Amino acid sequence: MTLFPKPQSLEKARSLQEALRNRVVLEGSLEGVRRLAALDAAHKKGGPLVAVAVLYDLEKGPLFVGRGRVEEAELFPYVPGFLSFREAPAYLEALRALPEAPEVLLVDGQGIAHPRGLGIASHLGVHLDLPSLGVAKSLLYGRPEAPLPQEAGSAVRLLSPEGRPLGYVYRSRTGTRPLYVSPGHRVGLEEALAFVRRLPTRYRLPEPLRLAHLEATRARVEAWSTGSPGS
DNA sequence: GCGACAG
DNA sequence: ATCTTGTCGC
């Protein structure tokens, strides 16, 4: 259940996504949730992909940082729509390093707002049977239902080509580009947005994800001076 | 054939 | 994701 074998072809990967999409549960509230794990990764050509899982308590703030790394030679290539096969292995390692299991996963990427309904947040959620949601910095699939207002906190639904709601385009701060929020697993559409709205947000990204990003970038530099060619 | 395309 | 200089603005 924790294994995440690297697909030997895109066709196999696609089949797995189409099989797992049927396991995604699009209902659930995150009302009383306090502890989450924010996931982000960094990578520099020639070095390993480093992943970070920040265990974050909504009342106490950051509690612990788990790290994971996958050597470049072992990485699945980056192909739009198949991000989980590249980054999830490193995320699973980072999550195993945490002192306790989080109540929900906050992932840098899409949830169900994906061509086959299984973005990295959904894939991880189903794989670990944990509630999860995705917060992406750009669009992969779907279109905004209407223009997004400039006001911070505003949101408009993200619709599939057939008109099905996939998530929300969300303005976390005025003057910044929007974020794309979609449920991953065991959480509803509105509930996913409601959860993101109650995360502390000083800049564009919710604080837990921003911290994970900063830490991943820092770890990437560290990995460079330690385990790679140069020095 | 053309455009789109998480990180 | 990474690369990459300057530049606009609080």
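All values reported here derive from a predicted model rather than from experimental measurement. These numbers come from the heavy atoms of this one structure, side chains and all, not from hydrogens, waters or symmetry mates. Residue numbers start from 1 in every chain, and the chains themselves are labelled A, B, ... in the order their sequence lines are given, proteins ahead of strands.
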Practice problem: Select base, sugar-phosphate, or nothing to describe what A/H123 touches, counting heavy atoms under 4.0 Å on all strands. | Solution: nothing

Exercise. Summarise how protein sits on nucleotides 2-7 of chain B as a single string, 5' to 3': B when a protein heavy atom is under 4.0 Å from the base, S for sugar-phosphate-only contact, - for no contact.
Key: --SBBB

Quiz item: Checking A/R96 side chain against A/G66 main chain: does a donor-acceptor pair fall under 3.5 Å?
Solution: no

Quiz prompt | Sidechain N-carboxylate O distance under 4.0 Å for A/D129, A/R186 | solution = yes

Practice problem: Measure from the side-chain N and O atoms of A/R171 to the backbone N and O of A/P149, and report whether any donor-acceptor pair falls under 3.5 Å. | Solution: yes

Quiz item: Should A/E18 and A/R21 count as an ion pair when the cut-off is N to O under 4.0 Å?
Solution: no

Quiz prompt | Within-4.5 Å side-chain heavy-atom neighbours: A/L20 and A/L16 | solution = yes

Considering only distance and modelled atom types, tabulate donor-acceptor pairs under 3.5 Å from the side chains of residues 77-87 of chain A, sequence neighbours left out.
unit_1, atom_1, unit_2, atom_2, d
A/S84, OG, A/H123, ND1, 2.9
A/R86, NH1, A/F76, O, 2.8
A/E87, OE1, A/Y91, OH, 3.3

Quiz item: Is it true that A/R34 and A/E103 have a side-chain N and a carboxylate O under 4.0 angstrom from each other?
Solution: no

Self-check item: Per-nucleotide pairing state of DNA chain C [Watson-Crick or G-U, under 3.5 Å; [ ] pseudoknot-crossing; | other strand]
Solution: ..........

Practice problem: Measure the shortest side-chain to side-chain distance between A/T201 and A/R173 over non-hydrogen atoms and say whether it is less than 4.5 angstrom. | Solution: yes

